[in-house]
Amino acid sequence: MKNRTRIPDEVAAKVLFESDRMCCICRLRGKPVQIHHIDENSSNSDISNLAVLCFDCHRDTQIKGGFDRKLEPRQVILYRDDWIRRVKNRRDINEGPEDISCYVDKSNNDYLNSIKYGTISNDLFVSLPKRRKAAYRKAQPKWDSGITSDMKEGNSIVIEELIEILVDIAKVYPPKHFNGRDPREYFENKAKEFAEWYRLELEPHGAGTGGTIISVLVGGEVISSLENMIEGMIAALTSMHTDYNFQVWKQAWSNERCV
């Protein structure tokens, strides 16, 4: 009989909290779960070696031979890391600011609302965190379903809104600014380039070797890249205007509470 080393209570608590006490593979609430040692070494309780699995999905890690493919450690890590990120995003969204009036110094609204190249309008500046938050809320049920096709649809909801945001910000830039291309075409192609890169990065053993979850993970990386583009553009547009509080805006954009 194999001797098992007990996982320290503080480590177990952190692992269960980060996964919201749900299996990181099937993501079905209410199923009994256990903490799985990814390398199957029960004495290695480093948090990087632990994942929360239900009994059914844990059984899949034990498959040996036959036509069924084992749920191998690399897949478990991909599922776990993606799920932890989803849980954190959901918690951030639920705690996000409702009142975003503190983003802008309202004493100079005439100037802020002027529309000219290089100056973002007050209305657009204030609306962006709300738009991102609304897109995440719409996508969350899709992500929580655990069904690959639904999760991909959730990614598409957010990606489409982020592209719309980028197109709206681009209106502040001079004509032909984006390599002479229409901004929508430019940003849609940029999203496709990100997707192609992340798929290559996440499947080092060749196309199709990462399973269907790779398409979901690629979508998540595209979302992060588009969001970084938006942050960078807003930072550049507000850097010369003290009327805007970029750091407070960024906290709201990141779903931290506005103070």
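- Annotation: side chain of K14 is in contact with side chain of I47 (closest heavy-atom distance under 4.5 Å).
- Residues W253 and L128 come closest through the heavy atom pair CZ3-O, 3.4 Å.
- Side-chain N or O atoms of N228 include one that pairs as donor or acceptor with a backbone N or O of S224 at under 3.5 Å.
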- [ ] Run the numbers on W197 and F194 for ring-ring contact (aromatic ring centres under 6.0 Å, His included), then give the verdict.
- [x] CA-CA 5 Å; W197 160 246; F194 286 142; over 10 Å; no
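- Not a single donor-acceptor pair under 3.5 Å links the side chain of D20 to the backbone N or O of M22.
- Not a single donor-acceptor pair under 3.5 Å links the side chain of T61 to the backbone N or O of C57.
- Looking at K190 and M229, their side chains come closer than 4.5 Å, going by heavy atoms from C-beta outward.
- For S19 (side chain) and L16 (main-chain N/O), no donor-acceptor pair under 3.5 Å exists by modelled atom type.
- Between the side chain of R80 and the main chain of S48, a donor-acceptor pair closer than 3.5 Å is present.
- No side-chain heavy atom of E185 sits less than 4.5 Å from a side-chain heavy atom of F178.
- Between E164 and R131, none of the side-chain N atoms (NZ, or NE/NH1/NH2) sits under 4.0 Å from a carboxylate O, so this pair counts as no salt bridge.
- In this view, N49 and D39 satisfy the side-chain hydrogen bond (donor to acceptor under 3.5 Å, both in side chains) rule, not counting sequence neighbours.
- Under a cut-off of 6.0 angstrom, the local environment of CD in E196 is sparse, with at most 12 non-hydrogen atoms contributed by other residues, nucleotides or ligands.
- The shortest distance between side-chain heavy atoms of W143 and R27 does not fall below 4.5 Å.
- The residues R86 and D82 are annotated as salt-bridged, a charged nitrogen and a carboxylate oxygen being separated by less than 4.0 angstrom.
- With hydrogens and angles ignored, the 3.5 Å screen pairs a side-chain donor or acceptor of T238 with a backbone N or O of I234.
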